[in-house]
Amino acid sequence: MLQWLTEKNWFFRLSAYRDRLERWFLDNPDAVQPDYRRNEMLGFIRQGLEDFSISRAGATWGIPFPIGEGGQTAQREDGSWDAEAGTIYVWYDALINYITGAGFPDDPDAFARWWPADLHVIGKDIARFHTIYWPAMLWSASLEAPRKVWIHGWLLAAGGERMSKSRGNFLDPHDAVTAFGADGVRYVTLREVAFDRDTEVSWDSFVRRYNADLANDFGNLVNRTVSMAGRYLGGERPAPTDGGSLRVAWLHALPAYRGAIEGCLLHEALAALFEFVGAANRFVDLEKPWELSKAVKAGDADAADRLRGVLGDLVEACRLLGLAAAPFLPNTAPRLLAQLGYAYPYRPDGNGGPAILDELAWGAHAAVPGTLTAPEPLFPRLDVEPAEP
RNA sequence: GGCGGAGUAGCUCAGUGGUAGAGCAGGGGACUCAUAAGCCCUUGGUCACAGGUUCAAAUCCUGUCUCCGCUACCA
């Protein structure tokens, strides 16, 4: 049953910003990304922009609109608000929450530091608000638009269908966290899903990805490294060498990782990191520390040096991986570093501590002595696939 | 209706003119430090379909089918 309503609303003059928005898109090709999303928004701008309502009348809830009909404040002398002015449309108020959270207008220093943001990351369903409405609103307040807005896609169910409760084809985040852990969910989601578009996912694809990457490759690499260093060297942390093949592999992996991060292609960033995991695992099988250890016991002095160098390189590889992967595996990173005898240098929220690129230099702490702990699996393998929720 | 994207190995995808690729899954092998993980080798595809251009097409052009995104209109 449709019911026609007539109500008094305030409008934002979006139409006045058409040309400036189009110019902004054209002059700043990176401001809205990926490209095809940018093109969609540009198309919307070019077909013409209409003013849109920013207040609601007669709402029984909501934040009071601050301006009265005559343009004066809608707040009465007793502090109450004139209900006739209406309430603020939530999407208009949302931007106000953003900027006041960043310090506007009472903390100009904080606001100068945090605004405009280097990067807004949003879902594709709210692209128009963040890339058209909000920039125009910000300009109308003499503020700057974000430097870059990245629009990510959705996780789709089998067959490319949108997940929905009514269809029953959704993956329950709580079940996923129970099975994979919070870090595991972060990993499989950001590795399995292309961050610039929609991707089909399934419970099985997550389990396969978790087992193959986190349990078998990464977790096992750390485990075998810590285990061998403890067994062969008594737990004293071996220093990395300066001329090994693992170092060379890292010098290739780090720029690839960094470039993908800066391009917001998080799945490619993780792929670059895990290519290095593979290199480290192959390094183990190539150098065969267990054979070196036997040679050491047989009195081979050269083998002793070699063994320390090989395990030192592997420990260093694990340190670098733990730190580089920390944004994706924030709970695991400190546990990994602890097994290597290193203190995790960042706060739980990721802030504080030294510049990450300094920490990600090969051999950054080569001269620091330390003691490894007993190995403890970071990502237990899921042998039996949990029942699909 | 307009604009745009996609259709390549069982799965997820890369590959924009020069003899089809990766990861995972599957199969085999040699090892043994390790979470029966890791390493090595390997099976597997008329590149949606039909035409065309070219010495040569997954790649360029035309048409068709299917799916998806943005947007509009009809009512």
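So that the names make sense, note that chain A is the first sequence line, chain B the second, and so on, each numbered from 1.
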Can you tell me, in whole Å, how much space there is between the [atom1] of [N] and that of [M]?
N	M	atom1	answer
B:C11	B:C73	C1'	40 Å
B:A75	B:G7	P	37 Å
B:A14	B:G2	C1'	31 Å
B:A34	B:U16	P	45 Å
B:C13	B:A20	C1'	15 Å
B:A58	B:G51	P	14 Å
B:A25	B:A9	C1'	11 Å
B:C61	B:G17	C1'	13 Å

Which distance, rounded to the nearest 0.5 Å, do you find between the CD1 of A:I96 and the CD1 of A:I63?
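Going from CD1 on A:I96 over to CD1 on A:I63, the span is 8.0 Å.
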
What I want to find out is whether [X] reaches [Y] closely enough, with some N-O distance under 4.0 Å, to be called a salt bridge.
X	Y	value
A:D30	A:K148	no
A:R23	A:D27	no
A:D198	A:K124	yes
A:R128	A:E40	no
A:E291	A:K294	no

Specify the separation, in whole Å, of atom [atom1] of [X] and atom [atom2] of [N].
X	N	atom1	atom2	answer
A:D35	B:A6	CG	P	13 Å
A:R224	B:C39	CZ	P	8 Å
A:L265	B:U12	CG	P	20 Å
A:R46	B:G4	CZ	P	13 Å
A:K294	B:C33	NZ	P	6 Å
A:D198	B:C70	CG	P	9 Å
A:N211	B:C24	CG	P	13 Å
A:N39	B:A6	CG	P	13 Å

Selected nucleotide, minimal atom distance to [X] side chain, candidates [options]:
X	options	value
A:D285	B:A72, B:C40, B:G38	B:G38
A:Q47	B:U35, B:A72, B:C24	B:A72
A:R282	B:G69, B:G23, B:C39	B:C39
A:T199	B:C31, B:U35, B:U12	B:U12
A:N216	B:C33, B:A14, B:G38	B:G38
A:R381	B:C39, B:A37, B:C11	B:A37
A:E40	B:U35, B:U12, B:G69	B:G69
A:R231	B:G38, B:U71, B:A34	B:A34
A:F44	B:C24, B:U35, B:U71	B:U71
A:N281	B:U35, B:G69, B:C39	B:C39

Assess whether one donor atom and one acceptor atom, taken from the side chain of A:N220 and the base of B:G38, lie less than 3.5 Å apart.
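Answer is no: no donor-acceptor pair is held.
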
What does [X] touch in the nucleic acid at a heavy-atom separation under 4.0 angstrom: a base, only the sugar-phosphate, or nothing?
X	result
A:Y232	sugar-phosphate
A:D213	nothing
A:L221	nothing
A:S205	nothing

Any idea how A:Y98 and A:W134 line up, ring-wise: parallel (<30°), tilted (30 to 60°), or perpendicular (>60°)?
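Rings of A:Y98 and A:W134: perpendicular, over 60°.
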
Can you classify the ring geometry of A:F218 versus A:F274 as parallel (below 30°), tilted (30 to 60°) or perpendicular (above 60°)?
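Because their plane-to-plane angle is over 60°, the rings of A:F218 and A:F274 count as perpendicular.
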
Mapping A:R191 and A:G219 to their closest nucleotides on RNA chain B, which lands nearer the 5' end?
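Comparing both residues, the 5'-ward one is A:R191.
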
Taking for each residue the nucleotide of RNA chain B with the nearest heavy atom, is it A:D125 or A:L214 whose nucleotide lies nearer the 5' end?
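Final value for this comparison: A:L214.
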
Suppose we define a pair by two distances each less than 3.5 Å, Watson-Crick or G-U wobble; what does [N] pair with here?
N	value
B:C74	none
B:C11	B:G23
B:C49	B:G63
B:C3	B:G69
B:G17	none
B:U54	none

